[in-house]
There are 2 protein chains.
Amino acid sequence: MAQQEISCGLDYTIAPDLQACLTEALHANYAFIVSQIVHPRFRLSSLPSGNTVGGFTRSDMILSPQDWNSRVVGRVSGYLDPDSPSPIVQKRHEDSLNEELAYCRGLGLPAVMLSLHSRKSNNLARILQTYFETSHHPTLIWTSVPMVCHRTMRSCDEDNSNEEAWNEPWYWWTKFHECMGWDKRIGVVLEVSADLPSKDVINRWLGEPVKAIVLPTSLFHNNKKGYPVLSRAHQQVVVSMVERDAQVIVSGARRSNIVYYLQYLYRLWKRRPYVVDDPMLSYARGWEDFLQTPLQPLADNLDTHTYNVFEKDPVKYDQYQKAIAQALSDLQMKRKEDMKIQEEDSAVVTNVKEIIPGKNGIVDNDRPFTVMVLGAGRGPLVRATLNAADITNCKVKVIAVEKNPCAVVVLAAQVREVWRDRDVTVIPGDMRQINLSPKADIIVSELLGSWGDNELSPECLDGAAGLLRPGGISIPREYKSYVAPICSPRLWAAARAASPGNAQQIEKNLETLWVVYMQNKHNIAETKPVFTFEHPSEGIKNQDGQEVTDYRGLKVTDNRRSTTVTWEVKQDNVMHGFGGYFDCVLYGKEMLSIVPDTHSPGMISWFPVFIPIRTPLRVQKGDTISATFWRCVNSRRVWYEWIVEVNNHTTPLHNPNGRSSEMLL
Amino acid sequence: MAQQEISCGLDYTIAPDLQACLTEALHANYAFIVSQIVHPRFRLSSLPSGNTVGGFTRSDMILSPQDWNSRVVGRVSGYLDPDSPSPIVQKRHEDSLNEELAYCRGLGLPAVMLSLHSRKSNNLARILQTYFETSHHPTLIWTSVPMVCHRTMRSCDEDNSNEEAWNEPWYWWTKFHECMGWDKRIGVVLEVSADLPSKDVINRWLGEPVKAIVLPTSLFHNNKKGYPVLSRAHQQVVVSMVERDAQVIVSGARRSNIVYYLQYLYRLWKRRPYVVDDPMLSYARGWEDFLQTPLQPLADNLDTHTYNVFEKDPVKYDQYQKAIAQALSDLQMKRKEDMKIQEEDSAVVTNVKEIIPGKNGIVDNDRPFTVMVLGAGRGPLVRATLNAADITNCKVKVIAVEKNPCAVVVLAAQVREVWRDRDVTVIPGDMRQINLSPKADIIVSELLGSWGDNELSPECLDGAAGLLRPGGISIPREYKSYVAPICSPRLWAAARAASPGNAQQIEKNLETLWVVYMQNKHNIAETKPVFTFEHPSEGIKNQDGQEVTDYRGLKVTDNRRSTTVTWEVKQDNVMHGFGGYFDCVLYGKEMLSIVPDTHSPGMISWFPVFIPIRTPLRVQKGDTISATFWRCVNSRRVWYEWIVEVNNHTTPLHNPNGRSSEMLL
């Protein structure tokens, strides 16, 4: 959840008197301090664990339990290298590290900070996994890495050095995180450097679970009044990191009063550029990276609360109203043209009759247009239709079809109370099973899910195709689902952990679409279309090219799909799954979109989906990601399956036969 | 299990009268036939599934249920391409394939055969997974691929074409198998080509689950008498495939009577070169690729049956006897030298006294050597010791220490009945807890497991170190564990499925060592050493370089280990885990080894171990495999952890904190 306030800590490289340090920091309004666990005065014993007799650091009596629990991040001794090439050093340091970790657990510290210095961290990761396996205390591990590797910068030739030097610490972190199984208890602490990398590199960091950034005081310069301030570029890094939940740690020699750094950061956060008019941002507050199971409005009936939320969308129904208005005026135009033909050649009636059946087989200018709202809910699309009729000065007969009995009650009340002078009829029932006459000139529906067809709009509308007259208009007319491969350890770990403790469930969770307002993620490549559906839909044809019909005379459609999408990778990364979106042509040029680049401004009705893959895939610059998605249908249900290939590596097939997730028909 | 007989089938490309074909084949002694499921006369409907009204192939009445169940392998229509680039063709073929599969299920066919033609088989794999998910009938899928891809052979330049053309079909198969999750119900059928590939390529196939090989009759030429025979190279392929359980399918135009092909194959199999004198081969028959949990002889007591089996090893106790004899004569030699010194300088006694405490502090030529057998079981090492004493003409006092009360009963009986004129004492108890005087000149033990230290020999012998006099001899003196990365879908799938239905258990199974006589596997790279242990072991030293002792005055040892082993990959492959082995120096030049290149001839006491990895890793020629193994110890138990890296891909850490497998102390 994005913070309302910025949370800052103060780093004490040396803290001879911990109590005094904490008092000073709290006095200056810092929220916490970072300090070494082992007091520099104490030397570590060199014996294997179990043979030492305590006393390697301060007593736990010097601070109150509350302070230890919430105010102190413990830093493990920097010299400890459990991945040392020397087996003897390795074992000694392993014992010492375990001792320090056990002490942190004993003190109940909220987080333990340690540093990575290379890609070699297997043994460190192993020790920490054992720590997690044997500890029920919810310690977080903060893994600090520099933004740039100076060693690489120096050792490489000019051309490549830059990119590699900025890549290298990301590799330290991500290989360590991978080895920890992307555990969500592990976060990264980024030591911000004086020079900053390219936007791509910063964006990649924004996809990582950055728990804190370290700002050395040397990054600040004094402004005219003598107060410490940051460069514009650094300001931006700070703000975008804090937006994603990072805390800020001020570290290093104090060139100013420590109060000034904090005050500056507070001001910076308050003054941050904010997209003022985006209702989505305020609507989504609190829902960032929070996974939800997609609704199944076909199988389940929505509740009042859900209707309440969705009906408040400030944009969606406006768009619908414009689309309906456009459709109505197009139909009216067409009718006028038809009347003109009729006047010019009043003998040839039969032809016209087939197009617009009016009284006595003659085009009737006064006949109201029949608009069926399929899945009317509590009536927002009925309202939009009536408004559109008023605007275009058309007569409409509105038929509201709704299967949810609770919503039908509300609709009926509205007909009695609000729409009593309008021609609105409520038909309770499933749109796939009712038969009405006359047929509709326009059918309007809002059956789309976050991934377009994932709430079974195609099946519903095809089932209701008999309600639309030939040549009639469906709003929406077309919709497409989209995906982009993303890096997001946080979302992946959240999906995996959605039902903890059950390995069978973990597999299911990683074969399920999740609705989520994604924040802590990074796009590995652009967003590309997957499945397209059109309405009225084309029926399938037999080998002679003729449309096949079922026993009711309805076209037989086939809403199974499969598509392979490929991307070229522009930057080394780790793929954890896909962001999923949709866009939709309502009618004419009226669109709805939650695709990031074309998102309907201000529309809040849909969060995207996160589509995980079972095992995250490491990708490198120049690799090709190839993903195949299937939309599978049988008589009772619809589900997706997917598989991803990167070079020679293939994921298992996800969700075979819909074993983990499905939508019921 | 290796077959005693060769099992052959006959392929009918066209079978207008299935019953006649089957009768002919059975009459000629073939075990089964391969035939198309869809009779060529019937055309497939083009409608989506559900809209057809049966009748697309023969009636199931033409054969008896027993014949359908055991004599017919159904081949799906060859033109079906569910991975066609055209979505329409794809869906049509998907429907037809499902129809054919459903028919095979209905007939209860033992196996269905289909062909791969490229690396594109995702949709095929998806359809088959759905088939498995929805079918409880145990159909096997036989996936036929050619040995060589002629398309690649033609399209590539001379230099690379060969290798690539032989690699290509293996890729078709392995990518398909990967996509099927290495399901053990899927096997490969190899169409043997006229030209044969390099030994490496054939060996790689020998690691795959080859269910059958197809021998086109064109491979046979007629010998002088006019009977069909194979070239020597083809003979070798046939024999090595059949040894790994493959059946043989004769296919193509009949240039001879079909009986002759079968008779030739029978003769070939009977005359096959057989390692006559290897007791391991006959001992292991029936145990090929059968996974067993390693014994825990320290935590559990062995039973009579197990003792019976191990005591029969024709080689192991001979080696022990030789080693003990060598040790005894070396000790005797040393004693003689010491006596000489004593005679030359009879004043300096104190020094000698410390080395060999005899009567009155003087070297006593007659004093028997004390040999302690630690973990004596039912006495084979006592016997070996007594034999060695006889051979070297040494006096020995044998002390047999054994913790298993049942074995102690047997030992005591042997002392009463067999060894009554020898100096043998039985001490019941745990070698780590008893205290005896005088101390041993030699301790002999056989505590090794398939992976050397995995039955806790180091902990037992270190715990018993106080029983050996300074300068005394431990037999064994040193042992090493070894690993080689291997490709074996069969072993991996068997480990995974060891306790079906429980996903938690699957994870455990893939973090466990399995004892298994591995046959259907292929070594990706050479066998390399992992951990080494020596006895008597060196104690750990403090920072001043002095050995640390515990409260009993015993050296403190540290049997934790960690080692990183790397290999260069010589051929594209898939790694499923490791083969694990050990070798051991008993004393002097006397060795025991189950490392393939140095295996003690005829020794049967140990099968190797298979160490799986959780997700198989695809490796390419030139890649580096880097594996790190840890041996972890705490006060109650010992366990292994491991992690594998290939280029940028890292497996998760296996068995953190011994969560899935451990050895109890």
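Worth knowing before you read on, the calculation uses all heavy atoms, side chains too, and leaves out hydrogens, waters and symmetry mates. Labels below follow one simple rule: chain letters A, B, ... track the order of the sequence lines, proteins then strands, and each chain is numbered from 1.
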Under 4.5 Å from any heavy atom of chain B - which part of A:Thr650: both
Considering only heavy atoms, which portion of A:Tyr171 lies under 4.5 Å from any heavy atom of chain B: side chain, backbone, both, or neither? side chain
Cut-off 4.5 Å, heavy atoms of chain A, and the answer for B:Trp630 is side chain
Side chain, backbone, both or neither of A:Ile643 within contact of chain B (heavy atoms, under 4.5 Å): side chain
Tell me if the centroids of the rings in B:His93 and B:Tyr79 come within less than 6.0 Å of each other. yes
If you count heavy-atom pairs under 4.5 Å with chain A, which of B:Arg119, B:Gln620, B:Arg561 comes out on top? B:Gln620
Looking at B:Thr615, B:Leu653, B:Ile88, which makes the most heavy-atom pairs under 4.5 Å with chain A? B:Leu653
Measuring heavy-atom distances to chain A, does B:Asn123 have an atom under 4.5 Å in its side chain, in its backbone, in both, or in neither? both
Per-residue contact mode, B:Tyr131 against chain A (heavy atom under 4.5 angstrom): neither
Under 3.5 Å, side chain of B:Asp462 to main-chain N/O of B:Ser537, donor-acceptor pair present? no
Shortest non-hydrogen contact between A:Gln90 and A:Ser84, atoms and distance: NE2-O, 2.9 Å
Is there side-chain contact between B:Asp81 and B:Asp83, with at least one heavy-atom pair below 4.5 Å? yes
Tell me whether B:Glu94 is salt-bridged to B:Arg126, with the criterion being a basic N under 4.0 Å from an acidic carboxylate O. yes
Of all the heavy-atom pairs spanning A:Ser118 and A:Trp172, show the shortest one and how long it is. C-CD1, 3.3 Å
If you count heavy-atom pairs within less than 4.5 Å of chain B, which of A:Lys175, A:His649, A:Glu178 leads? A:His649
Residues at least two apart in sequence or cross-chain that pass salt bridge (charged side-chain N to carboxylate O under 4.0 Å, His left out) with B:Glu538, listed by chain then number, are B:Lys541
